[in-house]
Novice: 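First, the structure itself, so that you have it in front of you.
To find a chain, count down the sequence lines: A is the first, B the second, and so on, and within it residues start at 1. Computed from a prediction, not measured in an experiment: that's the story for all the values here. These numbers come from the heavy atoms of this one structure, side chains and all, not from hydrogens, waters or symmetry mates.
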Amino acid sequence: MKQYSEHNFEQCTKCTVCTVYCPVAAVNPLYPGPKQAGPDGERLRMKGGEFFDESLNLCLNCKRCEVACPSDVRIGDIIQSARIKHSAKKPGLREFTLANTDLVGSVATLVSPVVNATLGLKPVRHIVEGVMNIDHRRIFPKYAFGTFEGWMRKQRKAQEQFAKQIAYFHGCYVNYNNPPLGQAFVKVLNALGYGVQLLENEKCCGVALISNGFIDKAKKQAKSNLAAIRKATAAGLKVVATSSTCTFTLRDEYEHLLDLDNGDVRENIDLACRFIYNLLCDGNHTLQFNPDAPRVRVAYHSPCHLERLGWTQYSIELLKLIPNVELVKLDSQCCGIAGTYGFKKENYATSQAIGESLFAAIEASECDYVATDCETCKWQIEMSTSKKVFHPIEVLAASL
Amino acid sequence: MNEFDVIIVGGGATGAGVARDCALRGIRALLIERDDIATGATGRNHGLLHSGARYAVNDRESAEECIKENMILRRIASHCVEDTGGLFITLPEDSLEFQAKFIESCLAAGISAEAIDPKLARIIEPSVNPTLIGAVKVPDGSIDPFRLTAANILDARLHGAKVLTYTKVDELVIESGRVVGVKTTNTITGEKGVYRAAITVNACGIWGRDLAAKAGITINMLPAKGALLVFGHRVNNVVINRCRKPADADILVPGDSITVIGTTSSKVPFDQCDNMYVTADEVELLLREGSMLAPALNHTRILRAYAGVRPLVASDDDPSGRSVSRGIVVLDHATRDGVEGFVTITGGKLMTYRLMAEWTVDLICKKLNIDAKCTTAEALLPGSSKTSTEDCMRTAVAQVGGKASAFYRHGTNAEKIDSSTAAKRALVCECEQVSVGEVEYAVEQLGVNNLVDLRRRTRMGMGTCQGELCACRAAAVMASVGKSCSDKAKADLKGFVTERWKGMSPVAWGDTLREGELLSWLYDGVCDLSNNGKEE
């Protein structure tokens with residue numbers, strides 16, 4: 001359906017299906033649900049800021065309301081925009097630390113053994129809770145020793161040998177916490193005949209900055225990223241990301257929440273699983289799978305932002321192509337962490353209650369491990385279940 | 001006790017104002033209304049707090065009355081008024097010469113009118129037609145006629161007046177050529193009544209012609225229909241008027257959560273006054289002219305259309321009814337027609353309801369030999385407060401999330417709404433944020449008999465979905481406080497949904513039509529309302 005009014009909320013017919021699908025409304029009675037917080041509230045907020053309700057901060061921005069909406073209302077965007085415009089709660093030290101994944105990551109990777117060991121200690125986590133209001137039960141992702149960008153610098157010559165090239169948007173997580181995922185991506189792309197480059201001066205996509213209220217900084221970084229993406233596009237390169245949330249932020253949140261026009265490059269930004277699946281389907285690309293790879297039972301979890309992109313099926317179909325993988329599709333539901341949301345002490349109970357049925361389904365699936373396209377889903381599932389979690393690209397790389 | 005000093009027939013703003021004025025002056029008053037309060041012209045206009053600027057050029061007297069009452073209403077009815085400010089814009093096809101004359105006339109009538117740069121006007125009101133070549137700032141605002149009438153009724157009752165709604169006057173009791181009371185029928189129960197008073201006031205608006213006829217008196221009235229459209233949300237935050245001779249659809253008013261464009265003007269026969277439908281031609285005209293004020297109207301969802309009848313007293317044969325002065329007409333039928341004990345108050349406008357009441361009660365005092373001064377220009381209406389509504393709302397939000405709407409509607413009286421438990425805070429109407437507690441307050445304190453009455457007191461069902469989700473919840477709450485059994489609730493619900501659809505049908509396209517479909521699935525498909533729950 002084409003958007004007709006400049007006020008997208010007008011298309012709402014009050015059917016309330018969004019609230020039925022809202023993971024927060026289901027477990028936290030303090031949250032009025034997306035219909036009231038979004039289109040209903042927006043109409044009242046046009047009378048004045050007094051009609052803003054701080055309970056909107058309970059929204060975890062999963063966008064499942066938008067996926068459910070039959071009228072194409074951008075409910076999640078309306079709620080996030082209202083928070084940006086009206087919330088009186090200003091970001092503090094905790095928000096600064098959680099949001100600046102770039103800055104914190106670049107420091108932490110220098111001394112990662114110390115950081116990892118310290119953050120693993122129970123007394124330290126209690127202190128972090130006391131000082132920062134980050135829940136002590138929350139387990140931090142481990143920092144890598146040395147960044148992915150550092151590793152890539154050593155690969156430049158080898159990557160330039162390939163006739164076909166793509167630009168990789170690795171994201172903060174691959175850079176500071178999980179370089180092996182980036183390395184797996186490079187391995188797969190090389191096997192398909194593509195060399196991998198980095199963008200010129202990639203910045204954090206800004207998703208955590210947006211959700212923690214650092215809009216000006218998010219905008220600055222977004223502009224820098226768009227400039228880098230335009231440069232890559234001009235050189236004929238597709239920009240591919242492994243993280244579903246980075247992809248979603250670059251494609252949709254830049255325009256909808258930061259009000260930046262990315263229409264010229266949007267279609268050039270792709271998700272790794274989709275890009276690779278489409279290559280494998282075009283008849284010109286094949287992968288040589290290792291016949292000795294051990295059989296594994298993998299449960300796939302669909303991240304919320306990937307659902308919003310509408311691209312879950314690409315990851316699932318890609319996993320199905322791997323001969324040694326026996327795939328279990330988990331029901332699509334939010335894991336509850338929503339990036340930095342679940343780290344905050346006041347959200348911990350909500351976060352875990354949302355994920356509860358997913359955790360039970362994972363345990364019952366008798367899988368060897370879980371696969372998902374989102375790093376924060378990985379942290380949540382690894383913390384809350386007995387299973388390890390990998391990116392589908394890592395699963396694919398391991399079978400080559 | 002069926003003896004009073006004064007019986008007022010008609011529960012619009014004027015009748016309510018007369019009842020309040022009487023009560024404040026210690027006069028025993030009974031108000032009789034055949035339907036609910038504010039069902040006639042009172043509730044069927046723009047809801048514009050006129051600065052008087054619109055009348056300044058042609059009708060200095062009305063303009064002066066307007067600006068005086070404007071300032072009084074801001075004080076005594078702060079919770080019914082929003083100080084939006086107003087703009088009179090000149091478009092390329094209008095003349096800037098008129099603007100000069102307009103400003104001069106405004107200033108002469110005591111209305112502040114400041115010409116501003118069109119660029120500034122676009123900053124003040126971003127929705128305004130960007131091609132404007134002139135703009136004048138005036139002290140317009142918006143006023144909620146339902147709240148205003150309800151507050152007058154509430155205050156009248158607090159000061160001893162008696163109010164009977166759903167009570168029809170069958171005949172005037174006339175003894176020795178003098179009106180001494182009324183005979184009535186309760187339209188719900190069928191119960192008959194006789195009430196006596198020294199003076200009966202005819203405050204029936206356009207229907208006053210019929211009441212006067214019961215005493216053999218002829219009042220020449222001119223029913224002029226005015227149609228309006230309600231848009232789904234606030235398009236503008238400042239009232240936008242066209243700076244030219246008054247014409248069709250040249251005022252755009254932001255009222256509470258919506259915007260209203262109006263009006264048209266056409267002569268209608270008397271037998272159609274109870275049967276106001278908005279025609280396709282009227283809708284088209286309103287949209288065409290309205291989008292000259294704010295182009296966004298062309299692609300904004302229209303919630304509904306409605307029409308009212310102006311109670312103009314005919315002074316000539318003008319077929320449009322527009323050049324008739326909206327001046328106040330007080331008729332003492334003793335001197336005019338030789339019928340004692342009967343007074344008609346008509347003409348005027350919502351803006352001057354208080355002054356109309358003052359003049360009427362002054363006449364009553366004179367006739368009854370009572371020496372009591374009018375205090376309605378100073379005494380605050382219940383809910384109004386010296387602290388601004390915005391301040392109250394801010395406090396309310398800090399205390400209980402989501403109470404801002406209740407404060408916006410009821411002013412300080414919102415404190416009487418029970419929000420002590422989650423069940424009381426639960427929303428009945430989500431579009432307009434009406435809680436269970438607010439419904440109960442309205443039923444118990446504001447004289448609500450059915451769902452349509454409840455809508456007028458609270459805005460329940462006036463939002464985007466037009467009753468789709470709230471009407472059945474409200475019916476349940478009303479049943480639980482003993483206002484209706486389940487059969488009555490079902491009939492009430494049917495009446496309410498039918499009334500909502502009447503307003504939606506003239507504009508049923510696009511999203512409004514989709515909404516209507518969903519409404520019909522829910523009430524017809526799920527609740528089986530058409531069938532009234534009977535087996536096939």
Novice: Apply ring pair (Phe, Tyr, Trp, His ring centres under 6.0 Å) to residues B/H410 and B/H79 and explain how you reach the verdict.
Specialist: CA-CA 6 Å; B/H410 303 285; B/H79 63 305; 8.1 Å; no
Novice: Chain B heavy atoms under 4.5 Å from A/C12: which part of the residue, side chain, backbone, both or neither?
Specialist: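 Contact with chain B involves the backbone of A/C12 alone.
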Novice: When rounded to the nearest 0.5 angstrom, what distance separates CD1 in A/I84 from CD1 in A/I79?
Specialist: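 Reported value, rounded in 0.5 Å steps: 12.0 Å.
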Novice: Would you kindly say whether B/Y408 and B/E82 are connected by a side-chain donor-acceptor distance under 3.5 Å?
Specialist: yes
Novice: For chain B, find its close neighbours in residues 333-345 of chain A: heavy-atom separation under 4.5 Å, sorted by number, or none.
Specialist: none
Novice: Pick from A/R266, A/R308, A/K63: which one makes a salt bridge (charged side-chain N to carboxylate O under 4.0 Å, His left out) with A/D252?
Specialist: A/R266
Novice: Would you say the side chains of B/S257 and A/R43 form a donor-acceptor pair under 3.5 Å?
Specialist: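 Short answer, yes.
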Novice: In chain order, what residues pass the side-chain hydrogen bond (donor to acceptor under 3.5 Å, both in side chains) check against A/R83, with sequence neighbours excluded?
Specialist: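 Residues passing side-chain hydrogen bond (donor to acceptor under 3.5 Å, both in side chains) with A/R83: A/N57, A/Q80.
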Novice: Can you tell if the side chain of A/F51 reaches within under 4.5 Å of the side chain of A/M46, non-hydrogen atoms only?
Specialist: no
Novice: Decide yes or no for A/L309 and A/R251: does some side-chain heavy atom of the first lie under 4.5 Å from some side-chain heavy atom of the second?
Specialist: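 Result yes, sub-4.5 Å side-chain heavy-atom pair found.
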Novice: Using heavy atoms and a sub-4.5 Å threshold, report which of residues 460-470 of chain B line up against chain A, by residue number.
Specialist: B/M462, B/G463, B/T464, B/C465, B/E468, B/L469
Novice: Taking salt bridge (charged side-chain N to carboxylate O under 4.0 Å, His left out) as the test, write out the residues that go with A/D40, two or more places apart.
Specialist: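 Once residues adjacent in sequence are excluded, the partners of A/D40 under the salt bridge (charged side-chain N to carboxylate O under 4.0 Å, His left out) criterion are A/K14, A/K35.
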Novice: Are any non-hydrogen side-chain atoms of A/I354 and A/V24 less than 4.5 angstrom apart?
Specialist: yes
